Amino acid sequence: MTRLSVNINKIATLRNARGGNIPDVQKIAVDCERFGAQGITVHPRPDERHVTRKDIELLRPLIKTEFNIEGNPTPEFIALVLKHKPDQVTLVPDDPNQLTSDHGWDTIKHKTFLQDVVGQFQNADIRTSIFVDPDIEMVEGAKATATDRIELYTESYAADFSNGKEEAIAPFIEAAKFAKKIGLGLNAGHDLNLVNLNYFVRNIPWIDEVSIGHALVCDALYYGLDNTVQLYLRELKIS
Ligand code: PXP
């Protein structure tokens with residue numbers, strides 16, 4: 001079954017709005033695991049407007065499932081990841097001031113750079129994943145970096161879902177089939193939610209992991225965190 005990794009950045013954003021420790025990011029991470037999430041994702045940004053370096057230090061010994069740190073592999077990011085040795089690092093080409101990730105890597109143009117970064121993390125026994133658009137050439141380019149996995153950027157799927165889910169998912173099925181054929185592990189994320197998640201994993205059941213933040217945290221306002229994690233896990237069931 002596809003694993004659910006909860007991205008807790010939004011929890012940190014809420015906490016940072018007041019400067020205290022409410023909500024408690026570490027407690028929420030541990031509770032997400034207790035409620036059934038199989039992973040926790042954080043996306044530190046240089047200005048620490050979401051999770052902070054201190055959060056990562058505190059979270060590392062608490063996370064008993066899979067800890068995934070995602071971000072742009074600047075020298076500072078690489079040092080942070082190598083220091084805390086998460087289970088997985090996801091490389092994302094986002095600018096420091098970007099609201100959220102909005103494109104995958106050009107894995108051909110940045111091949112040498114990515115190869116070097118992937119090598120550094122793999123030498124430290126950290127699984128690597130490269131964020132890519134659903135584009136065969138980019139998937140093939142990712143393979144050439146020796147990464148363990150790719151993460152498909154699902155924003156376009158989510159945006160087009162209500163206009164025609166068959167067309168919306170078509171490029172993702174093609175990219176996912178190709179990734180499987182060439183031996184890449186497969187993650188997916190961005191704008192996945194309770195409406196579009198099940199259709200995605202039913203059509204691509206070999207996805208290893210989805211990472212979900214924004215919609216899950218928003219749903220928790222209505223349903224509560226425990227229920228919401230259960231609801232997402234239910235959507236991941238395909239039989
Ligand atoms: N994957 C990556 C690489 C991301 O940057 C994000 C957002 O931080 C997500 C997944 C999760 O997206 P969302 O918050 O829309 O669920």
Side-chain angles (χ1 to χ4, degrees), residues 2-14 16 25 28-29 32 37-52 55-56 66-74 77 81 86-107 114 117 121 127-134 138-139 142 147-161 168 172 175 185-198 200-201 207-221 225 228-229 231-233 235-236:
T2 303
R3 296 166 72 95
L4 171 66
S5 185
V6 176
N7 179 321
I8 56 169
N9 260 38
K10 282 277 142 54
I11 305 294
T13 309
L14 189 57
N16 297 350
V25 170
I28 294 225
C32 283
Q38 296 111 339
I40 298 294
T41 291
V42 292
H43 192 140
R45 290 199 160 85
D47 61 4
E48 300 199 310
R49 65 187 189 273
H50 309 303
V51 293
T52 62
D55 282 326
I56 293 177
E66 285 227 342
F67 192 34
N68 174 43
I69 304 183
E70 59 182 34
N72 197 331
T74 58
F77 177 86
V81 173
D87 302 282
Q88 176 175 275
V89 59
T90 302
L91 310 180
V92 185
D94 59 346
D95 293 331
N97 296 322
Q98 225 166 276
L99 258 188
T100 182
S101 321
D102 69 354
H103 61 283
W105 285 97
D106 183 334
T107 54
L114 289 169
V117 174
F121 290 132
R127 187 174 67 228
T128 59
S129 180
I130 292 184
F131 195 54
V132 289
D133 293 306
M138 294 304 130
V139 177
T147 188
D148 303 290
R149 294 189 185 178
I150 53 167
E151 177 179 328
L152 290 175
Y153 173 42
T154 48
E155 191 272 341
S156 64
Y157 164 72
D160 297 341
F161 183 82
F172 290 87
L186 190 62
N187 296 341
H190 223 285
D191 294 311
L192 294 173
N193 60 34
L194 288 174
V195 175
N196 60 36
L197 181 59
N198 185 263
F200 198 79
V201 293
I207 294 177
D208 295 296
E209 175 190 290
V210 285
S211 91
I212 306 183
H214 186 76
L216 190 151
V217 171
C218 294
D219 287 332
L221 294 174
L225 188 58
T228 302
V229 171
L231 289 170
Y232 277 82
L233 290 172
E235 294 306 307
L236 288 172

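Values below: every heavy atom of this structure, side chains too, minus hydrogens, waters and symmetry copies. Just so you know, ligand 1 is whichever comes first in the structure, and atom 1 is the first atom listed for that ligand. Model, not experiment: these values are computed from the prediction.
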Rounded distance (nearest 0.5 Å) linking atom [atom1] of [X] with atom [atom2] of [Y]:
X: D133; Y: S156; atom1: CG; atom2: OG; answer: 7.5 Å
X: R149; Y: T147; atom1: CZ; atom2: OG1; answer: 9.5 Å
X: D148; Y: T128; atom1: CG; atom2: OG1; answer: 4.0 Å
X: I207; Y: L192; atom1: CD1; atom2: CG; answer: 8.0 Å
X: E235; Y: L194; atom1: CD; atom2: CG; answer: 5.5 Å
X: D87; Y: I69; atom1: CG; atom2: CD1; answer: 9.5 Å

Tell me the protein heavy atom at minimum distance from [atom], and give that distance in Å.
atom: atom 11 (C) of ligand 1; result: S211 O, 3.7 Å
atom: atom 12 (O) of ligand 1; result: H190 CA, 3.4 Å
atom: atom 14 (O) of ligand 1; result: H214 N, 2.9 Å
atom: atom 4 (C) of ligand 1; result: E70 OE2, 3.1 Å
atom: atom 5 (O) of ligand 1; result: S101 OG, 2.4 Å

Could you tell me, atom by atom, which parts of ligand 1 come under 4.0 Å of a heavy atom of [X]?
X: E151; answer: 1 (N), 2 (C), 3 (C), 10 (C)
X: H43; answer: 5 (O), 8 (O)
X: V92; answer: 3 (C)

Quiz item: If we only count N/O pairs under 3.5 Å, is G213 in contact with ligand 1?
Solution: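 Looking only at distances, the answer is yes, because the N/O contact criterion of under 3.5 Å is met.
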Exercise. Give yes if a backbone or side-chain nitrogen or oxygen of T90 is under 3.5 Å from a nitrogen or oxygen of ligand 1, and no if not.
Key: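 Checking ligand 1 against T90, no N or O pair falls under 3.5 Å apart.
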Quiz item: For ligand 1, is there an atom lying under 4.0 Å from some heavy atom of L192?
Solution: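 No, that is not the case, since the closest heavy atom of the residue is not under 4.0 Å from the ligand.
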Self-check item: Close approach, D191 and ligand 1, non-hydrogen under 4.0 angstrom
Solution: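 Checking ligand 1 against D191, which is what was asked, there is a heavy-atom contact under 4.0 Å.
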Quiz item: Looking just at side-chain N and O atoms, do T13 and H50 make a donor-acceptor pair shorter than 3.5 Å?
Solution: yes
Practice problem: Establish, from distance only, whether the side-chain atoms of T90 and N68 form a donor-acceptor pair under 3.5 Å. | Solution: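 Looking only at side-chain atoms, N68 and T90 do form a donor-acceptor pair, the distance falling under 3.5 Å.
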Quiz prompt | Region of N7 that comes within reach of ligand 1 [heavy atoms, distance under 4.0 Å] | solution =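 Within the 4.0 Å criterion, N7 contacts ligand 1 through side-chain atoms alone.
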Quiz item: For the side chain of W105 and the backbone of L114, is there at least one donor-acceptor N/O pair under 3.5 Å apart?
Solution: no
